[in-house]
Protein chains: 4
Amino acid sequence: MHFASDNTGPAHPSVMQAMMEANEGYMLPYGADPVMAEVTERLRATFEAPEAAVYLVATGTSANALALATLCEPWQTIFCSRLAHIQEDECNAPEFFTGGAKLTLVGQGDKMSVSELRRAISGEETRGVHGPQRGAVGLTNVTERGQLYSLEDIRALGGLAKEFALPVHLDGARFANAIAATNASPAEMTWRAGVDAVSFGGTKNGLLGVEAVIFFDPGHAQQFEYRRKRAGHLFSKHRYLSAQMLAYLRDDLWRNLGAQANAKAAYLVAALECLPDVHFDTVPQANMVFCSFPRHLHQRLHAVGAAYNIWSGTLSGEDPDELLEARLVCDWSISHELIDRFVDVLKTG
Amino acid sequence: MHFASDNTGPAHPSVMQAMMEANEGYMLPYGADPVMAEVTERLRATFEAPEAAVYLVATGTSANALALATLCEPWQTIFCSRLAHIQEDECNAPEFFTGGAKLTLVGQGDKMSVSELRRAISGEETRGVHGPQRGAVGLTNVTERGQLYSLEDIRALGGLAKEFALPVHLDGARFANAIAATNASPAEMTWRAGVDAVSFGGTKNGLLGVEAVIFFDPGHAQQFEYRRKRAGHLFSKHRYLSAQMLAYLRDDLWRNLGAQANAKAAYLVAALECLPDVHFDTVPQANMVFCSFPRHLHQRLHAVGAAYNIWSGTLSGEDPDELLEARLVCDWSISHELIDRFVDVLKTG
Amino acid sequence: MHFASDNTGPAHPSVMQAMMEANEGYMLPYGADPVMAEVTERLRATFEAPEAAVYLVATGTSANALALATLCEPWQTIFCSRLAHIQEDECNAPEFFTGGAKLTLVGQGDKMSVSELRRAISGEETRGVHGPQRGAVGLTNVTERGQLYSLEDIRALGGLAKEFALPVHLDGARFANAIAATNASPAEMTWRAGVDAVSFGGTKNGLLGVEAVIFFDPGHAQQFEYRRKRAGHLFSKHRYLSAQMLAYLRDDLWRNLGAQANAKAAYLVAALECLPDVHFDTVPQANMVFCSFPRHLHQRLHAVGAAYNIWSGTLSGEDPDELLEARLVCDWSISHELIDRFVDVLKTG
Amino acid sequence: MHFASDNTGPAHPSVMQAMMEANEGYMLPYGADPVMAEVTERLRATFEAPEAAVYLVATGTSANALALATLCEPWQTIFCSRLAHIQEDECNAPEFFTGGAKLTLVGQGDKMSVSELRRAISGEETRGVHGPQRGAVGLTNVTERGQLYSLEDIRALGGLAKEFALPVHLDGARFANAIAATNASPAEMTWRAGVDAVSFGGTKNGLLGVEAVIFFDPGHAQQFEYRRKRAGHLFSKHRYLSAQMLAYLRDDLWRNLGAQANAKAAYLVAALECLPDVHFDTVPQANMVFCSFPRHLHQRLHAVGAAYNIWSGTLSGEDPDELLEARLVCDWSISHELIDRFVDVLKTG
């Protein structure tokens with residue numbers, strides 16, 4: 001009953017198989033392997049961007065921080081949600097990689113609206129050289145609270161950024177889930193909507209640890225290569241990154257696994273909705289479910305070994321009926337059986 | 001009729017005189033001048049801190065950013081008001097000098113309350129190595145909106161910081177105004193209230209350009225010296241900084257000029273309060289006056305050459321009666337006559 | 001006939017097997033996996049350092065740069081050989097991770113002598129706050145030119161560093177080769193000789209991409225964890241790093257593969273020494289062979305597909321007899337057959 | 001008898017006078033003062049560069065480091081002499097301001113030759129993304145050892161830099177001395193010879209503390225302004241920097257003071273050359289004299305209060321006849337009388 005994160009499950013068998021196959025003989029290092037050439041072509045095709053610069057790194061934090069550093073000057077500020085991964089979960093990596101750029105938090109929630117972004121951008125305008133300068137806009141889709149930006153949302157936010165000539169980065173750690181949930185094409189979700197660079201996540205969706213960074217303007221390529229190298233994120237035995245990503249792209253594995261994870265979450269939600277003690281603040285839209293139920297049910301679940309994060313409140317506490325919010329993440333690998341067992345504990349709690 | 005800033009007026013004549021006197025013969029560079037030795041002793045006496053490490057730099061931004069970098073690690077976050085100079089007016093200097101620390105904005109206004117600070121500190125607590133780590137608390141007194149932290153305020157905030165073992169920095173660009181307004185002693189306002197380092201401002205209060213950075217724990221001294229040097233803020237002909245600061249400390253000049261500026265502001269406020277068109281959102285407490293009056297009066301003032309910043313709204317606009325907020329700053333040098341003329345324009349507007 | 005690098009060969013089958021086994025079920029992320037606990041215990045045992053802080057990262061550059069940043073302040077200088085990987089092959093990663101430390105190049109060659117190091121350290125002593133301050137000493141064993149520091153060498157250099165209270169980092173990208181060649185124990189080669197932190201390399205010796213960073217003083221642990229995270233080098237699916245390292249430590253695989261690579265190089269050297277056209281400037285001591293032979297032989301080898309780096313000179317050139325230096329690297333996986341074929345081409349060239 | 005440095009003497013009276021005059025009334029801050037407008041025009045005229053971007057800062061280290069950071073990327077290396085101020089005397093400021101660029105030391109001495117520079121540049125060429133990338137060339141005129149680059153030297157080095165498309169920065173802390181000694185025009189010494197940016201020093205030549213940074217390509221202007229601000233080097237009461245520089249430019253004061261200092265040094269050298277115990281390794285070319293004489297004479301001079309730096313060797317030591325090298329710096333203000341007294345001590349030693 002593991003719903004702790006989509007990084008606690010295994011990699012997909014076909015990815016492991018590709019790793020084994022990549023382990024044959026000699027291969028050029030540092031991304032000059034022929035597998036990477038194929039990855040590049042496939043990612044360009046997937047995004048309908050034949051000129052795109054495509055790179056692989058092994059962690060989401062490095063993908064985001066390197067992309068933002070390439071798009072943003074140290075004296076600028078990055079506009080992002082106050083719950084964004086780059087704000088809350090990267091231990092100041094964007095500040096480190098950019099050489100000291102600031103993050104301006106937009107709005108109060110997880111998803112930013114166009115008016116909130118406009119207000120934030122406008123707020124950084126009147127101080128000449130004194131204030132932080134306007135820099136990149138950082139979006140996340142699926143958001144950290146499991147919400148979706150629709151195509152219309154992205155287009156509107158991207159358009160606003162362009163109005164101010166600001167670059168846009170999309171943290172796509174759960175890009176596959178977003179694509180599966182919206183039925184948008186990768187191109188529509190990104191460059192056609194004004195996105196300049198995307199972190200195309202694999203680690204949370206069936207890979208061992210690979211994210212692609214894609215720049216639609218290849219003019220960013222050289223700078224990114226220096227930044228990646230000096231940050232220790234260029235792999236010598238790059239073939240193992242390439243192999244994972246190639247398996248991910250073959251037969252639409254990435255999209256299928258994203259859809260699979262979303263479907264599991266929908267199955268969970270359907271069951272939870274029947275339980276009177278379970279409350280939803282937001283409608284789950286992808287593979288993450290945020291819902292609240294009484295402390296005694298949390299305690300019961302923990303007693304039987306269910307693993308997930310309590311997002312607000314603490315497990316121990318006096319009031320057994322106090323509502324605590326759970327974050328339940330479904331990855332591609334979770335089984336209906338495990339979900340059923342989890343729900344059963346809640347039912348019989 | 002210059003109310004634009006307390007950095008647009010001249011230096012005090014006795015400071016200029018001290019500069020002239022310092023210009024005699026040979027003197028050791030880089031702070032080894034005998035004048036600096038006297039400055040150190042006087043500042044230690046002023047702050048009743050015989051062990052304090054005392055340094056001079058020439059700008060407020062360098063004073064703040066160097067002090068914060070000494071107190072704070074790159075993976076930490078600095079808690080400050082959303083209107084703090086370090087947030088709004090230093091073009092990411094704290095992020096640069098600290099090597100990438102973050103700023104967490106506390107509360108909604110200019111002054112933070114204890115409960116707002118507690119909420120902000122608590123908000124950065126649950127993410128292990130992933131989130132920014134709790135770092136220094138940054139206070140400003142007088143605040144950017146001309147408000148005062150009372151001794152009780154500082155003690156409460158300092159005590160809260162100590163509860164979490166966080167260092168406290170006080171941006172005292174207008175320290176003299178705060179002391180004059182509260183009648184507190186420098187020691188009470190700082191180390192006795194939990195402040196670890198203070199930027200003791202002179203530039204806005206009669207000097208040409210000198211701020212002292214004072215650490216009450218001399219264990220910070222060596223690191224600060226390296227940081228100051230590698231940031232290009234160690235002056236070879238340091239005597240001219242020393243001379244300014246010595247003049248500032250002699251005969252309580254710093255305190256007297258602060259009191260003088262506050263008194264001018266009080267004189268201005270008293271006159272403005274009689275005008276029905278002028279509205280105050282907050283009660284001015286030191287040398288900065290924020291008040292609102294109709295656009296046509298602003299236009300009138302600008303037509304006759306009054307210099308000040310419109311803090312919200314724009315001079316040009318359709319509605320002559322729309323209220324626009326002005327920031328009117330009084331430095332030590334402004335004359336009653338100029339104030340009278342300014343008020344007269346408003347009266348007869 | 002691949003002698004280009006020890007990062008162009010495959011990973012060892014037992015490592016791949018361990019990866020497959022690690023891919024079962026759910027496992028805690030970010031290094032909290034039980035495999036990592038075992039890795040930690042085994043590395044502590046291997047180094048006879050029960051308190052050591054042990055971390056895994058995926059690249060040698062990140063291992064070195066993160067370790068140095070933990071040991072070294074931004075205003076200091078790192079003493080290293082002018083051919084060191086941290087100087088020549090990391091695109092300024094040490095400067096980036098340390099926040100601006102300098103590298104002082106010691107001596108003229110690949111290995112530094114005690115007197116060269118003493119001269120370099122002494123050279124940075126007389127400028128007070130103005131010059132770079134003395135920081136860490138960075139050693140590499142095996143060196144970039146395939147030379148060994150003996151135990152006596154390391155002890156003498158480590159002792160000199162301790163005389164100046166400087167920390168010592170050992171870049172052990174080829175630590176296994178060094179241990180195999182010297183028959184020293186890991187403890188003797190490191191902390192007993194004055195080394196404070198070591199990058200214990202796996203990538204060049206049979207892993208897919210894992211290096212351990214080991215601090216013998218656990219007081220460095222917390223800082224390293226923050227540095228690793230904010231640099232994007234903390235892996236969410238950490239189990240795959242753990243699994244590789246565990247396989248590496250089991251049954252002394254690391255030592256055996258190092259010995260195997262060294263033996264292959266010795267086999268190659270023995271054959272090359274019989275060829276009158278091949279000249280050695282230095283005696284190969286581990287798994288890298290530097291030797292010179294005429295251009296026409298290089299051209300011949302390249303024509304038949306041999307892969308290796310020409311270290312000085314260029315393949316194309318007028319004089320067929322000009323001596324060009326080759327770097328021939330043997331990894332654990334290269335076969336005697338391939339070596340024989342390479343030598344045959346040289347013989348019949 | 002102060003020969004310690006050209007930063008231990010006083011500022012020129014006409015500069016002090018200008019400071020007093022600048023202290024009248026209100027003036028716009030942050031470089032918007034009308035005096036700065038005149039400074040800009042005069043510096044453009046002086047350098048025959050009507051488009052040049054011109055800025056003032058207060059220290060040489062900030063001038064150099066900000067200029068280099070504007071010209072150079074973090075993954076690049078700056079080519080400079082191993083005795084350059086940016087290498088030896090700025091506590092890693094260039095590394096800090098650039099965000100981690102490296103310094104590559106050229107040649108063995110103080111002045112680099114064209115062939116040495118070519119070798120150094122060529123040495124950083126063959127490692128793709130792995131090595132540091134070629135960045136700016138940093139020259140110093142007058143050098144730290146009091147030597148001159150002739151116009152021919154600068155042209156040749158500048159031309160070489162241009163061959164590799166590298167920008168050139170000239171550290172002109174003693175630019176006035178170089179101009180006075182060579183009779184070159186400022187334009188000839190800089191942009192006509194391939195220099196892209198110059199630190200035009202005033203602090204060592206009669207000012208209290210001002211250096212101009214001049215970019216001949218105004219395309220660098222905006223970046224420099226952000227860099228200056230976020231480094232705390234933009235002065236609010238900028239008028240006092242402007243006033244100094246304006247006095248410096250009026251009536252060729254800068255050139256005259258440089259010539260005066262050079263003449264004083266020539267006077268000193270002429271006297272020293274008559275003393276059999278005094279040896280010169282290099283011919284002094286500007287205002288710094290490096291010469292060696294026996295320890296007992298150094299001790300004698302120190303006993304009577306002469307102030308200067310012993311550049312090699314230590315004052316205390318057994319052998320009274322051991323030659324120790326002195327650095328004797330003449331600034332504009334030193335008198336013939338003081339020089340005579342110094343020489344007399346040597347004579348009668």
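Residue numbering restarts at 1 for every chain, and letters A, B, ... go by the order of the sequence lines. Hydrogens, waters and symmetry mates play no part in the numbers below; they use all other heavy atoms, side chains included.
- Across every non-hydrogen atom of D/V168 and D/A161, the tightest pair is CG2-CB, 3.4 Å.
- For C/L103, the part lying near chain D is the side chain, with the backbone staying farther off; criterion is any non-hydrogen pair under 4.5 Å.
- Ring centroids of D/F224 and D/Y55 are separated by less than 6.0 Å, placing the two rings close together.
- For a residue to count as touching a neighbouring chain, one of its non-hydrogen atoms must lie under 4.5 Å from one of that chain's; by this rule C/P132 touches chain D with backbone and side chain alike.
- Ranked by heavy-atom pairs shorter than 4.5 Å toward chain C, the options D/A101, D/G100, D/G99 are led by D/G100.
- At a 4.5 Å heavy-atom cutoff, the contact between C/E88 and chain D is made by backbone and side-chain atoms alike.
- Ranked by heavy-atom pairs shorter than 4.5 Å toward chain C, the options D/D89, D/L105, D/V129 are led by D/D89.
- Heavy atoms of C/Q87 lying under 4.5 Å from chain D belong to its backbone as well as its side chain.
- Geometric assessment of C/R327 against the ring of C/Y308 yields a negative cation-pi assignment under the 6.0 Å and 45° thresholds.
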Fill in: Test log, rule ring pair (Phe, Tyr, Trp, His ring centres under 6.0 Å), inputs D/H298 and D/F293
CA-CA 7 Å; D/H298 285 281; D/F293 45 85; 3.9 Å; yes
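- Between D/D6 and D/R174 a salt bridge is recorded (basic side-chain N to carboxylate O distance below 4.0 Å).
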